[in-house]
2 protein chains.
Amino acid sequence: MSPTRIPEATVARLPVYLRALNSLLDSDIRSCSSEELATAAGVNSAKLRKDLSHLGSYGTRGVGYDVEYLRYQISREIGLTQDWPVVIVGIGNLGHALANFSGFSSRGFRTVALLDADESRHGELVAGCPIRDFGELGQIVREHGVAIGVIATPASAAQAVCDQMIAAGIRSVLNFAPTVLSVPEDVDVRMVDLSSELQILAYHEQRKAPHVEGAPGTEGVA
Amino acid sequence: MSPTRIPEATVARLPVYLRALNSLLDSDIRSCSSEELATAAGVNSAKLRKDLSHLGSYGTRGVGYDVEYLRYQISREIGLTQDWPVVIVGIGNLGHALANFSGFSSRGFRTVALLDADESRHGELVAGCPIRDFGELGQIVREHGVAIGVIATPASAAQAVCDQMIAAGIRSVLNFAPTVLSVPEDVDVRMVDLSSELQILAYHEQRKAPHVEGAPGTEGVA
DNA sequence: AAGAGTTTGTGAACGTGCGAACAAACTGAA
DNA sequence: TTCAGTTTGTTCGCACGTTCACAAACTCTT
Ligand SMILES: NC(=O)c1ccc[n+]([C@@H]2O[C@H](COP(=O)([O-])OP(=O)(O)OC[C@H]3O[C@@H](n4cnc5c(N)ncnc54)[C@H](O)[C@@H]3O)[C@@H](O)[C@H]2O)c1
Ligand SMILES: NC(=O)c1ccc[n+]([C@@H]2O[C@H](COP(=O)([O-])OP(=O)(O)OC[C@H]3O[C@@H](n4cnc5c(N)ncnc54)[C@H](O)[C@@H]3O)[C@@H](O)[C@H]2O)c1
C-alpha cells in the first residue's frame, strides 16, 4: 500500500491532522482545502500538503480533500483501523487519571488490564476495570496479544517493569516515569516528561524577561 | 553570560542531562566523562558535548565534568535558580495527579493555585492546596507574578481558559487538552498529547508486524 | 621535562525538515 | 471548446540537527 517510508516528523503530525479532521466532521464540514485543514491543525499549509503527499494522492486539485475519506486514509496509515490492546502498570495518581482518560479508548486503544505491585489495591475497580497483580503481566499479554504497555510507576521501578514487559512480548512502551529506559533495538519507547516540558517553558520565559528585579513570586519559600 | 542563542533541540535535552546529573549525584559520583553522562541520558556522546558547548566550556579535557558544577550551570541556563510560580486550571482526574506530582515542586516550580469552574469543588484540598474559583485567576497571577499556566480542562474549555490566562499576563502555557490553542506570537504553548503518543507507537508497531492474521487482540469489541 | 594516554570542544560532512514557489490538474462560466 | 480561477502535489533552496573525526588541552608516569 505505502511503498515509501514516512518521515518521523510527518508521523508525529498525523494524529494532529486526525484530530482536526474529526473536529471538522463534528461541525458537519465534509470537504476542506489544505489551507483550512492546516489552520485547524495549527501548521503551515505547504507542510500539510507535503505530509499528506507521503501517504498518497488523496486530494483533488481545484477542490480540496474529502474530510471523511482523508480521515480514513490517515487512520489506516497509522494503524487505527485495527484494535490495540494496552496494559497500564502503576495505578497511582497518574495511573488512575490514565485509566479514566477517554482519549485512550476512543481511538482504537483498549485498556485490557490495570496492574500494580501493591497488593492492598488489588481488586479495586478503576473505570470499571479491576486492578490486578503485576505478576499476571505475562499471561495477560499472551492472552490479549498486547503490543503496547504504559508505565506509570515511580522512576525507581520503571526499568524493572519495562524489562518484564519486554520479556512478556511488548515492543512499544509509553513511559511517564522520569527516567531513561534502556531497551533492545526493536523496542520503541516514547517518554512523556512533564518536568522537562515545564523546564523548556521556563527557559524561554527567562529569555523573554531577563530583568527580574523586585518582581513578586520569589518571596515565598517552596 | 550566554551571548549565543541555544538551539531548540539542545534546550529540549538540557532537562534530560539535569536528571542524569542528579542521578549520578545520588550515587555519590562527583565527576564524569561525556561518555558516562551520555549513557545515563540516553544520547550520543558527541551530541552531548556539542549541546554543552553551547552553554560554555565547563569541562576539563583529559578529565571530564564536575557533576555538581555542571548541574548548577545547566540549572542556571534553564532558569531553575529562580522560583517559578504555576497555576493549574481544571482539577479533574488529571489535575489531581498533577497537583500531587512531586516533579513539579521539586525543581523550582511552585503550585500557587488550583482553579476550577465547578463550584461544588471549591475549597476542597488537593495536595494541601485548596481548589479556588477560576474567576480569581487574574488576581492570583498579579499577586504571585505567575508566568506559567497549566491547562487540564476538557478540550472544549481550553481555548477560553487560555485566553483568560493570557489576558491575566501569563505568557507560557502547558496544555494537556487535546486541542490546538491559538495564541499571540509572544506566548509559548507546549502541548502534551497522550493520544498522539499512543498513535505514533501504533504506527511503528504496525510496521514491525505487518502480518496480523489470526492474532489475538482483535476479537474483543471496544 | 618529555611523552603516552585521556577526554573535551569543534570543524566539516551528511541527512532531515521546512517553506516558498510553481506546474499540473481540476471546476465552472462563456 | 476555451479560458479564467482554484487548489493540489512537487521541486528547490535553505536552515537546522546529527555524527564523525581530530586538534587542543589536560593528567600521570617515567
Ligand atoms: N502525578 C503526575 O501528574 C505525574 C506526572 C508526570 C509523571 N509522573 C510520574 O508518573 C509516575 C507515577 O506517578 P504517580 O503520581 O501516579 O505516583 P504514585 O506513587 O501515586 O503511583 C505509583 C504506583 O505504582 C505502583 N508501583 C510501584 N512499584 C511498582 C512495581 N514495581 N510494579 C507495579 N506497580 C508498582 C505503586 O503501588 C503505586 O500505585 C511517577 O514516576 C511520576 O514521576 C506523575
Ligand atoms: N485523564 C488523563 O489521563 C488525561 C490524559 C491526557 C489528557 N487529558 C486531557 O486533560 C483534560 C482533563 O482530563 P481529566 O480526565 O482530568 O478530565 P475531568 O473531566 O476529570 O476534569 C476536567 C476538570 O476541568 C474543569 N473545568 C471544566 N471547564 C472549565 C473551565 N472553563 N474553567 C476551569 N475549569 C473547568 C471541570 O470542572 C473538571 O474538574 C482533558 O482535556 C483530557 O482530554 C487527560
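To find a chain, count down the sequence lines: A is the first, B the second, and so on, and within it residues start at 1.
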Can you check the B:Leu48 CG to D:dC20 P distance for me, whole Å? 14 Å
In whole angstroms, the gap separating P of D:dG9 from CG of A:Leu37 amounts to 12 Å
Just by modelled atom types, is the A:Arg19 backbone N or O under 3.5 Å from a matching donor or acceptor in the A:Ser23 side chain? no
On a heavy-atom basis, the closest approach of B:Arg49 and B:Ser34 is NH1-OG, 3.0 Å
Looking only at atom types and distance, does a side-chain atom of B:Ser33 sit under 3.5 Å from a main-chain N or O of B:Glu36, one as donor and one as acceptor? yes
Where along residues 7-18 of chain A does a heavy atom come under 4.0 Å from DNA chain C, residue by residue in number order? A:Pro7, A:Glu8, A:Ala9, A:Arg13
Show the distances under 3.5 angstrom between N or O atoms of the protein and N or O atoms of nucleotides 6-9 of chain C.
{"residue": "C:dT7", "atom": "O4'", "partner": "B:Gly62", "partner atom": "N", "Å": "3.2"}
{"residue": "C:dT7", "atom": "O2", "partner": "B:Gly62", "partner atom": "N", "Å": "3.3"}
{"residue": "C:dT8", "atom": "OP1", "partner": "B:Ser34", "partner atom": "N", "Å": "2.5"}
{"residue": "C:dT8", "atom": "OP2", "partner": "B:Ser34", "partner atom": "OG", "Å": "2.6"}
{"residue": "C:dG9", "atom": "OP1", "partner": "B:Ser57", "partner atom": "OG", "Å": "3.0"}
{"residue": "C:dG9", "atom": "OP1", "partner": "B:Tyr58", "partner atom": "N", "Å": "3.4"}
{"residue": "C:dG9", "atom": "OP1", "partner": "B:Gly59", "partner atom": "N", "Å": "3.0"}
{"residue": "C:dG9", "atom": "OP2", "partner": "B:Tyr65", "partner atom": "OH", "Å": "2.7"}
{"residue": "C:dG9", "atom": "O4'", "partner": "B:Arg61", "partner atom": "NH2", "Å": "3.1"}
{"residue": "C:dG9", "atom": "N7", "partner": "B:Arg49", "partner atom": "NE", "Å": "2.9"}
{"residue": "C:dG9", "atom": "O6", "partner": "B:Arg49", "partner atom": "NH2", "Å": "3.2"}

Starting at CZ of A:Arg5 and ending at P of C:dG17, how long is that distance when rounded to a whole Å? 7 Å
Between D:dT27 (C1') and B:Asp66 (CG): distance, integer Å: 16 Å
Ignoring backbone atoms, establish whether B:Asn44 has a side-chain N or O less than 4.0 Å from OP1 or OP2 of D:dC20. yes
Between A:Ala158 and A:Asn175 the two heavy atoms that sit nearest each other are CB-OD1, 4.4 Å
Can you find a side-chain donor-acceptor pair between A:Gln199 and A:Ser195 that sits under 3.5 Å? yes
Test your reading of the model: is there a side-chain donor-acceptor pair from B:Lys208 to the backbone of B:Tyr203, 3.5 Å cut-off? no
Here the distance between atom C1' of D:dT10 and atom CG of A:Leu55, to the nearest Å, is 15 Å
Output, in order, the C-alpha distance, side-chain angles, deciding distance and verdict of ring-ring contact (aromatic ring centres under 6.0 Å, His included) for A:Tyr69 and A:Tyr72. CA-CA 5 Å; A:Tyr69 181 61; A:Tyr72 170 75; 7.3 Å; no
Atom pair distance, as rounded to whole Å: CG in A:Asp51 and P in C:dG17: 10 Å
Do A:Lys50 side-chain and D:dT10 base share a donor-acceptor contact under 3.5 Å? no
Pair B:Arg110-B:Phe104, side chain to side chain contact (heavy atoms under 4.5 Å, CB included): steps then yes or no: CA-CA 7 Å; B:Arg110 185 166 48 96; B:Phe104 270 18; over 6 Å; no
Separation of A:His54 atom NE2 from D:dT8 atom P, in whole Å? 17 Å
Is there a donor-acceptor pair under 3.5 Å between the side chain of B:Trp84 and the backbone N or O of A:Leu201? no
